[in-house]
Number of protein chains: 2
Amino acid sequence: MVKEQAHTVSSYEQQLSQLRGMMVAMGRLVTQQTEQAVAAVVEGDTEAGRTAQALDPQVDQLERDIETLAIRLLALRAPMAGDLREIVAAMKISGDLERIGDCAASVAKRALKVDTVPTDVPAGALRSMGRLVQENLRRAVDAMSQQDSARAVEVWQSDAAVDELYTAMFRELVTYMMEDPRTIRSCTHLLFIAKNLERIGDHATNIAERVYYAATGEMLPTERPRGGASVR
Amino acid sequence: MVKEQAHTVSSYEQQLSQLRGMMVAMGRLVTQQTEQAVAAVVEGDTEAGRTAQALDPQVDQLERDIETLAIRLLALRAPMAGDLREIVAAMKISGDLERIGDCAASVAKRALKVDTVPTDVPAGALRSMGRLVQENLRRAVDAMSQQDSARAVEVWQSDAAVDELYTAMFRELVTYMMEDPRTIRSCTHLLFIAKNLERIGDHATNIAERVYYAATGEMLPTERPRGGASVR
């Protein structure tokens, strides 16, 4: 009987540990996808673009595996308090990570359609936005891996800066299109690329909010520190 | 002891029933938000636009309440099989519903920025898209309320038609902008409105997939029946 109980306990701990490992793996994959997608847009690196898209099925599979394992853990032993919050958070965070992967793959696909990234302001703004979003994503994944609520708060506060960059890009691209209608098609794709980057940033902030709740049992304010006028 | 057990069982059933009620309420709210948002765009109904946005905090609160109750149910008694799948599905579906609400509010906000919806093809296409997306959303919410896997499959199959309409709109709007650069700002907003409608449709399909899994224990194919060339 003692032997059975010991086996049950170690099996639960093993599976919980496995769940954590899968979350870290998924976080790393979509971070890589995002980096490759940004390189595809900003550097015109078509190989990177292909990599970003090719990683997507792996990411989708991980989301399903994480949900399956989370459900098994919930059924195996009714986890309480911190463990329960962590398992529920894993299910929700894996959803955010999967969507980040989709956004990155979408950015990579669109990068192929942009004839040339205009070499002036829009390109610089896109590079800044890509860099900032990658940074927030990396920090959100780190916060998740280490269940670090302080780092989660930092990511949450950085959301505004991404929105501001996006708003600025939107205005610049509309002006650009009005000045030179031949650029409309390319600029439209750039607009959607910028929107997808902004969504990646938004999902990274969702992850930070869930990490904070899982780690502390408390929720960050629903109003995020706001930047970016609503005139987008 | 018998009295306690009876109380525990009825408490679980009560709370499960409460969870279902909250899911239905949330489904109805975001369906209403979507209807109001589409009216704001297509009819220029600013009152409807305000309603769509005003409903958003209620929707967000419901998502948090559903998660709290789902966690309580998981902790109260380790649900098995169908109940467990249903509770996990509720947590994930509430996330999709919340995002639909965000998209609808975003559409409503943007509707205020579109000076005039061009009275020809783009307006007709937007109306068609709005109608189709609302229909898919209603059917997805019904499928969820009745745990109806057959209806879920219907919604899943309808995803392609939404994508096709979106692709057509994208092409039309780009052509429109090139022909008349004075329409660029409005058309850009219409593009994003169309994109948000397409995302609502996508989330409705996510909901259908989760309903199917919760009801049957099996997953629909990961490749959705595809429409819409990738040249968007």
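Worth knowing before you read on, the calculation uses all heavy atoms, side chains too, and leaves out hydrogens, waters and symmetry mates. Naming convention: chains lettered A, B, ... in sequence-line order (proteins, then strands); numbering from 1 in each chain.
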What orientation do B:F192 and A:Y166 show, parallel under 30°, tilted 30 to 60°, or perpendicular over 60°? perpendicular
Chain B contact via A:L191 - side chain, backbone, both or neither, heavy atoms under 4.5 Å: both
For the atom pair CD1 (A:I184) and OG1 (B:T188), what is the distance rounded to the nearest 0.5 Å? 8.0 Å
Rounded to the nearest 0.5 Å, what's the gap from CD on A:E63 to NZ on B:K92? Could you check? 4.5 Å
Among B:I87, B:I71, B:N206, single out the residue with the greatest number of heavy-atom pairs under 4.5 Å to chain A. B:I71
Part of B:L74 within contact of chain A (heavy atom distance under 4.5 Å): both
Distance in Å, A:M178 CE paired with B:M177 CE, rounded so as to fall on 0.5 Å steps: 11.5 Å
Engaged part of A:R199 at the chain B interface, taking heavy atoms whose separation is under 4.5 Å: side chain
Top residue by heavy-atom pair count (under 4.5 Å) with chain B, among A:M91, A:E179, A:R99? A:R99
Measuring from atom OH of A:Y213 to atom CZ of B:R64, what distance do you get when rounded to the nearest 0.5 angstrom? 11.5 Å
Cut-off 4.5 Å, heavy atoms of chain A, and the answer for B:T68 is neither
